[in-house]
Structure formats: structure tokens, C-alpha cells
Amino acid sequence: ESGGQVCAFFVAGKCNKGRKCGFAHNPALVKAARSARKAERAQAGAEGAPGHGGPKTSGPKIGAGNKAAARPSEPTLLRKLLESEVRRERSLMLQCIRYVVENDFFQTDSTVIGTNEGTT
């Protein structure tokens, strides 16, 4: 907890050095650093900087006016690899549902219920 400069990782809640960290972990300084960051982002947005929140942004924000969120992204390699299996599983599920619906699987027979009611 030495130095006057606030630990950027601590501000983000990701500092794993603890007391060995060479930057400040003072909560009051962290609060001031967060509000300064927020003010910088607000000012950059007001000046028309397109999505520039600094080098540590995690990606485009979802919201109105975001053109990247409107267009679909390319499928990932994992999605491409699993596509046929997902399609097969969906088909099996639909077949099961179709079977249940066509055979009145959950409908109760009134004669069976009637015979059990009179017996005591």
C-alpha cells in the first residue's frame, strides 16, 4: 500500500498481490479514481469519440446507436463444430414432443379414474 498512484487492478477488483502491490489500495483513493475515470469516459462520449473509453475497455457497449450490436457476429469455431450435433438434438426433441402430442400421452382415461373412486 505504498505510493500515491492507485492500483488500476485494485480499482477493477482484480489485484491479487495484496500487501505486496507497489500501488495504493486506499478505498478513498479508489473511489476518487473511479469517479475520475467515469468523468473521463463521459467527457470522451460528449466529445464524440466513438466508443473510446481508454485502452482497458472490455469491448463495445450494448445500447442505442451501437452499430456493432445490430449486425450478427460470425459464428465461433466452437459453434461451427457443434452445429450438426445441436441440430440433431433439436430434431430428437421435436420428435419426442410430436410423439407425446399425437398419442395423447398425458390425457387420463376417465374409466380408469371412475373405477378407483367407487372402491373403499
Side-chain angles (χ1 to χ4, degrees):
E1 293 208 17
S2 62
Q5 191 173 2
V6 178
C7 176
F9 292 104
F10 184 76
V11 171
K14 297 180 181 180
C15 184
N16 55 7
K17 293 183 179 182
R19 293 181 183 261
K20 294 181 182 180
C21 184
F23 297 96
H25 286 192
N26 186 342
L29 293 176
V30 170
K31 188 174 182 180
R34 283 183 182 157
S35 54
R37 264 183 160 177
K38 189 183 276 189
E40 286 175 7
R41 280 192 221 125
Q43 185 179 9
E47 292 174 357
H52 260 326
K56 296 187 181 192
T57 57
S58 61
K61 302 290 184 223
I62 296 174
N66 188 355
K67 295 178 185 176
R71 70 177 167 235
S73 62
E74 290 291 319
T76 62
L77 178 60
L78 179 63
R79 189 173 297 265
K80 288 178 183 180
L81 290 172
L82 295 176
E83 185 177 0
S84 63
E85 190 173 340
V86 168
R87 194 177 307 124
R88 185 176 144 267
E89 292 294 322
R90 283 182 184 163
S91 176
L92 286 171
M93 289 298 296
L94 288 173
Q95 288 176 27
C96 291
I97 292 170
R98 191 175 298 124
Y99 176 82
V100 167
V101 170
E102 288 175 355
N103 293 301
D104 293 328
F105 192 80
F106 294 112
Q107 189 168 354
T108 57
D109 190 9
S110 61
T111 58
V112 173
I113 294 173
T115 57
N116 290 340
E117 289 178 3
T119 341
T120 50

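Predicted, not measured: the structure shown is a model, and the values here were computed from it. Throughout, numbering of the chain's residues begins at 1 and tracks the sequence.
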Atom pair CZ (Arg98) and OG (Ser91), whose distance is rounded to the nearest 0.5 Å:
7.5 Å
Return the minimal non-hydrogen interatomic distance between Gly18 and His25, and the atom names on each side.
O-CE1, 3.6 Å
Can you tell me how far apart CG (Leu92) and CD1 (Ile97) are? Round to the nearest 0.5 Å.
11.0 Å
Does the side chain of Arg90 reach to within under 4.5 Å of the side chain of Arg87, using non-hydrogen atoms?
no
Atom NZ in Lys14, atom CG in Asn16: separation rounded to 0.5 Å?
11.5 Å
What distance separates Glu74 CD from Arg79 CZ, expressed to the nearest 0.5 Å?
12.0 Å
